[in-house]
Amino acid sequence: MPTQATKSKKEDAYMSLMRGLKELDLHGPCVPSDLVLTGDHAFPLAMNSRGQVLMAASLYGRGRIVVLGHEGYLTTFPALVENALTWLRGDGSDNLSVGVHNKVKAVADNLSKSSFQAKVVGAFGDSRDVGVYVTDAYSVGGEVKDLVAFLKAGGGILIAGQAWNWASTYPKENTILQFPGNKVCGVAGIYFTAHYGKVEILPVYPQIPSSWMALRVDEDFKDDLDFLLQGVSEFDLTDGIVASEALVHGPLAFPIGTTEDGRAFLAGTYYGQGRVIVITHEYPLKTKKLASFWNNAINWLDQRRKGVIGVEPYNKLLSESGLIFEEMEFRKDLSVFVCTVYKDHDVKEIQDFVAEGGGLLIAGHVWNWAYTNLGLNPMKDFSGNKILNTMGLSLLPATIGEGSYKAPVPTQAKKYNDHFRNLLCRFAGHVIQGEELTEHEEKHLQKLGVDSTNFLNMKAYDSYFYTQVLSILTDMLKSGFPQVSDKNPVKNPKDQLLLRLGTEVYDVSPHPDALLPYLIKENPFVKNQKIRINVNTAGGHEWISTGLYLFPGMKTEMIIPANIVNQNWKIQIGCQTDYLKKKLKRAPCVHKQFLITTEKMQVLNLWGGLIYLVAPPNTKVEGAEVIVQTAVRAPYYKSDETTLAAWSLLRTAPSPWAELEFDNIILTVPSDVVRELERPDEVAALWNDIMKGIADLAAIPQKFARKERFVADVQISAGWMHSGYPIMIQTPSAAELFRPYDARTKGLWGEVHEMGHNQQRSCWEFRPHTTEATCNLWSVYVHEEVLGLNREKAHPSMTLANRKKTVEEYVEGGKKLSSWNVWVALETYLQLQDKFGWDAFKKVFAAYHKMSNFPKDNDGKMNLYAETFSQTVGMNLSGFFKAWGWPIERATEEKLYNLPPWTDHPMVQYG
């Protein structure tokens with residue numbers, strides 16, 4: 001969250017600069033330039049209805065600068081000029097001396113009756129001991145270095161002009177870098193552009209002006225790409241390279257190399273008077289494969305200076321490229337510095353080096369850092385992003401696999417223009433103004449959601465552009481946030497993206513309580529609770545239920561015992577952990593985790609949810625007490641702890657989610673499913689029996705190392721149900737979990753099928769053939785041995801007629817192993833079960849528990865299984881497996897030669 005001091009600094013500056021002004025009438029002979037703002041410190045003073053910035057201010061070093069989009073404004077708005085001079089001289093300064101260039105002498109005339117002491121000079125060098133210097137954008141000439149030094153040391157500069165006329169006079173020159181005024185104000189992140197600004201009467205707002213239209217990027221960077229891509233047709237990122245994705249978000253930043261779906265791995269930007277190129281892995285800098293590009297890049301960064309190229313030592317960067325460079329630590333007098341993203345020293349010095357004209361080539365990825373620094377924020381805490389964020393580029397933890405990627409065609413650079421800012425601008429116009437999106441733009445909304453999430457994670461509250469984007473996103477949410485539910489699913493891309501953004505914006509909003517009513521319409525009462533935890537996570541990470549719930553948007557503080565702080569424990573709010581991408585009946589992501597790093601944690605989730613502690617693997621804690629200061633009781637039943645009398649009250653608790661925890665399984669469902677449940681103990685008995693059956697067949701202890709979990713959700717990420725931790729099922733199936741009689745008469749095939757998936761082991765799985773087959777061994781076993789329901793009644797495919805048909809169709813098809821899957825594959829195992837019984841499977845699974853060094857390929861694993869099953873039952877089954885099309889090797893047959901063969905197996909009849 002932003003601090004009040006950080007937040008008010010720019011607002012205070014804006015109010016000081018615009019004091020006493022009600023409006024700015026720009027009508028008249030002056031045609032201003034549109035200004036582009038970059039970096040953290042620049043902010044607009046005047047913005048027209050098209051989102052064009054016509055006046056702006058910024059900081060650089062200890063100094064301040066104000067930029068007006070036409071020199072005529074220096075006399076058109078004398079009150080604004082006086083305000084600017086007051087602000088520019090700095091807080092607490094008593095220096096009233098102002099140097100005024102003779103080309104704008106009228107400013108001095110207007111100041112004759114003010115307290116300022118104006119001195120008209122022919123050049124900045126003629127000004128001595130002034131606190132502020134006033135000039136037009138054309139007269140800075142050869143005094144750029146002196147003016148930048150003056151600004152950096154604490155001086156104030158008021159500069160005005162337009163660049164469109166200069167650009168038409170010098171069409172082959174780079175306006176951003178070569179227009180005289182930009183050589184000064186560019187260091188502070190304000191640039192005159194060649195674009196005309198629309199003139200109108202502008203109201204003076206009580207806060208810094210903002211508009212979604214200001215996000216638009218008008219530059220196409222064609223000339224830059226033409227230069228950089230000379231002789232370059234592709235970017236070779238092979239040899240095992242796994243690069244990070246780059247987020248290109250600055251108004252003067254542009255992608256250079258991207259994947260086919262538009263994810264950048266190579267990008268450039270302008271920053272101040274300098275330029276930057278980033279590649280998201282350091283290895284390509286070390287090879288000859290991209291030598292042509294690196295030659296172009298170095299020349300582009302060098303800006304014709306032919307200066308010293310310094311390369312960070314120890315990394316051997318560019319050593320194979322053929323480029324001439326010197327190996328050295330960073331120095332300010334270099335022309336270009338080449339380094340990796342892994343060191344965070346010299347951050348400010350490198351940024352100033354580029355701002356004042358240096359070139360930076362920086363390489364490296366962030367994904368490994370993100371993996372090894374869990375709990376830290378890659379967008380904010382990673383060293384490379386500390387340098388790059390303010391320049392309009394960032395490295396993302398998302399990876400780009402190795403490959404050879406085509407170089408873009410510069411003439412098509414603006415064909416789609418999938419720049420983050422442009423897509424966000426178009427989407428904002430779609431939401432706020434109802435503007436239609438193109439089919440291409442709609443296809444990129446999912447990427448826009450990902451990019452927006454990453455951008456917001458920068459939490460750069462001292463950056464105007466960051467707060468501008470946050471403000472625009474907030475306005476979008478306020479304009480009509482979708483209220484999603486089972487009866488009101490979200491289908492269109494617009495609302496799907498808004499649902500995602502709701503969570504992200506709420507989490508970083510400086511005023512979440514003010515935003516909440518636009519997002520969540522209900523917000524009931526909550527109360528307190530203490531939780532005692534005992535855990536031994538031998539079975540992997542584990543959710544620990546608290547029986548408590550947070551309503552949407554409600555905060556709570558949790559007091560954490562010291563022995564689990566900074567031990568990779570987490571707090572999780574929400575049980576629905578599936579991430580959704582298609583037609584939405586809820587927001588895409590509605591759970592949130594917090595790494596426990598202090599003994600007092602404040603947590604909240606826009607969508608609310610059940611409260612969990614997530615214990616890391618291989619952790620044992622006994623008797624630890626966690627205090628949840630504000631929460632709601634959930635209908636929560638725990639075997640051997642919750643009495644039936646207590647349950648009769650708990651089942652009406654106000655949480656919309658309920659949880660029933662039994663010996664080896666936890667069922668999480670919408671509370672309405674169990675409001676009328678009077679005998680949870682009978683449900684417990686059913687599931688205790690089922691779980692014992694699961695364990696028996698798997699040959700594992702009846703007390704699970706980690707209890708299984710079911711969560712019933714209005715929408716899940718795949719299928720009607722899917723396995724995992726937790727197992728996810730669709731809400732309509734939730735009631736089945738609590739009907740013991742129905743379970744014993746109609747079965748629970750799907751639920752047990754998913755638990756079978758969780759028991760599958762790679763060493764005896766032959767994917768993809770057995771993926772949907774061996775899990776059904778548990779379905780058949782539990783229904784027959786636990787629920788007392790014949791397999792033919794448990795599932796239609798289990799009737800003798802259907803089983804026979806399955807085999808015959810497989811045989812008629814040539815017994816091809818490519819067709820050996822699902823019911824066909826299951827039949828192989830059922831024939832074994834019919835002959836040898838379930839005990840044989842239990843013994844085989846037990847034997848696998850004692851093995852190690854398993855084959856990796858299916859052929860090897862199938863031979864091992866045939867050998868293991870044969871040895872277990874004391875019969876040579878190689879002929880049976882070969883009859884099914886298994887690739888049984890001669891070596892396996894020889895190992896089993898001394899065992900009696902199974903000569904009358906069911907496949908004999910098929911020849």
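Keep in mind that this is a model prediction, so the values were computed, not measured. Residues: numbered from 1 along the sequence shown.
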**Asked** Quick one: do D261 and K447 make a salt bridge, cutoff under 4.0 Å?
**Response** no

**Asked** Should the pair F841 and Y829 be assigned to parallel (<30°), tilted (30 to 60°) or perpendicular (>60°) ring geometry?
**Response** tilted

**Request:** Any pair with a residue in residues 839-848 that passes side chain to side chain donor-acceptor pair (under 3.5 Å), sequence neighbours left out, goes on the list, sorted by first then second residue, please.
**Result:** Y781-K842

**Request:** Assess the side chains of Q760 and H757: does a donor N or O sit below 3.5 Å from an acceptor N or O?
**Result:** yes

**Item:** Exercise: do Q831 and W884 side chains pair donor with acceptor under 3.5 Å
**Value:** yes

**Complete:** E439 meets the salt bridge (Lys or Arg N to Asp or Glu O under 4.0 Å) criterion, sequence neighbours left out, with K443

**Prompt:** When you look at CD of E785, are more than 12 heavy atoms from neighbouring residues, nucleotides or ligands closer to it than 6.0 Å?
**Reply:** yes

**Lys/Arg-Asp/Glu bridge criterion (N-O < 4.0 Å) met for R709, E659** = yes

**Contacts of D742 that satisfy salt bridge (Lys or Arg N to Asp or Glu O under 4.0 Å) - sequence neighbours left out** = none

**Request:** Working to the nearest 0.5 Å, report the span between OG of S671 and CZ of R651.
**Result:** 12.5 Å

**Request:** Decide whether a cation-pi geometry holds between K861 and Y865; the criteria are a distance under 6.0 Å from NZ or CZ to the six-membered ring centre and an angle within 45° of the ring axis.
**Result:** no

**Request:** For the residue pair D696 and Q702, confirm or rule out a side-chain donor-acceptor distance under 3.5 Å.
**Result:** yes

**Message:** Suppose we call two aromatic rings close when their centres sit under 6.0 Å apart. Are W778 and F845 close by that rule?
**Reply:** yes

**Asked** How about D834: does its CG atom have over 12 heavy atoms from other parts shown lying under 6.0 Å from it?
**Response** yes

**Asked** H753 pairs by side-chain contact (heavy atoms from CB on, under 4.5 Å) with which of I727, L748, N776?
**Response** N776

**Message:** Donor-acceptor check, side chain of T668 to backbone of V711, threshold 3.5 angstrom: yes or no?
**Reply:** no

